[in-house]
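Quick notes on the structure that follows.
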Amino acid sequence: MAAHALPRKSPSHQRRSRPRTVLDEHLPVDHRLSRVYRIGAGVMGAFLLVFGILGLIDKIGFFNTEGATVVGLNTNGALSVVSICVGALLLFGMVRGGNFASTLNMVLGVLFIASGFINLALLDTDFNPFAFKIQNVLFSFVVGLLLMFFGMYGRVSSTLPHDNPYWKARHPREAEAEERAARARGSAVSTGVHESGGGA
């Protein structure tokens with residue numbers, strides 16, 4: 001019976017998959033990054049939650065296209081419920097922190113900007129389910145940009161410092177080499193201290 005040779009995997013299949021970034025909040029750099037992500041999610045989430053609750057308290061019609069003004073923004077029942085849900089999700093992201101909060105901020109930031117463009121096109125039409133007005137569109141753009149900034153902080157840049165966890169995840173070999181070099185320097189310094197102490 002003829003033996004069949006197994007096909008060799010191409011080099012692309014042999015490459016190691018990029019390790020998933022997990023922030024360790026006991027480390028100073030990771031802790032600082034996670035704190036930024038938490039602040040961004042918490043501030044935006046709290047505002048949206050309050051905005052949504054105030055909208056529901058006013059008992060505005062669910063799909064009332066005229067809406068009513070709450071904290072300078074137009075709203076109706078549907079927008080109030082969506083705001084509460086998104087605000088609660090951001091507050092959950094604040095509690096989780098770390099990479100989850102960063103990714104959540106970025107994703108919701110993109111969705112807010114997309115919502116701004118979509119609702120801008122619907123302003124003067126009969127189909128305006130969230131009762132958007134121009135101030136709501138501007139608010140969506142501003143919140144979207146802020147969430148993206150908070151989510152990308154320390155994560156998306158071509159000049160990340162080498163102690164950054166995202167840089168380490170993208171350059172595992174270089175990071176491992178630098179850690180070995182740092183350990184070697186540390187052991188050399190420790191040996192020198194012991195020798196000088198013994199000589200005294």
Is it possible for you to say whether [X] and [Y] belong to one hydrophobic cluster, with membership spreading through side-chain heavy-atom contacts below 4.5 Å?
X	Y	answer
Val43	Phe112	no
Phe141	Ile118	no
Ile60	Val81	no
Met44	Ile39	no

Where [X] and [Y] come nearest, the two heavy atoms and their spacing:
X	Y	result
Gly61	Asn76	O-CB, 3.4 Å
Ser140	Ser115	OG-OG, 4.2 Å
Leu108	Leu89	CD1-CD2, 4.3 Å
Gly98	Ser34	N-OG, 2.8 Å
Ala78	Pro129	CB-O, 4.1 Å
Leu56	Gly77	CD2-O, 4.2 Å

> Can the ring centres of Phe139 and Phe47 be said to be less than 6.0 Å apart?
Replying inline: yes
> Do Phe100 and Phe92 have ring centroids that are under 6.0 Å from one another?
Replying inline: yes
Starting at [atom1] of [X], measure out to [atom2] of [Y] and round the result to the nearest 0.5 Å.
X	Y	atom1	atom2	value
Thr69	Leu54	OG1	CG	12.5 Å
Leu104	Asn99	CG	CG	11.0 Å
Leu120	Asn136	CG	CG	11.5 Å

>> Go through it in stages, so that I can follow the logic: the residues are Leu79 and Leu73, the test is side chain to side chain contact (heavy atoms under 4.5 Å, CB included), and I'd like the CA-CA distance, side-chain angles, deciding distance and then a yes or no.
In response: CA-CA 11 Å; Leu79 183 58; Leu73 299 171; over 6 Å; no
Donor-acceptor under 3.5 Å ([X] side chain, [Y] main chain):
X	Y	answer
Arg96	Ala101	no
Ser102	Gly151	yes
Ser83	Gly52	no
Asn74	Lys133	no

[X] vs [Y] side-chain heavy atoms within contact, under 4.5 Å:
X	Y	value
Leu122	Phe132	no
Leu48	Ile84	no
Thr65	Phe130	no
Leu146	Asn105	no
Leu147	Met106	no

> Heavy-atom count around Gln135 CD within 6.0 Å, excluding the residue itself: above 12?
Replying inline: yes
> Can you tell which of Asp58, Val70, Val82 makes a side-chain contact (heavy atoms from CB on, under 4.5 Å) with Thr75?
Replying inline: Val70
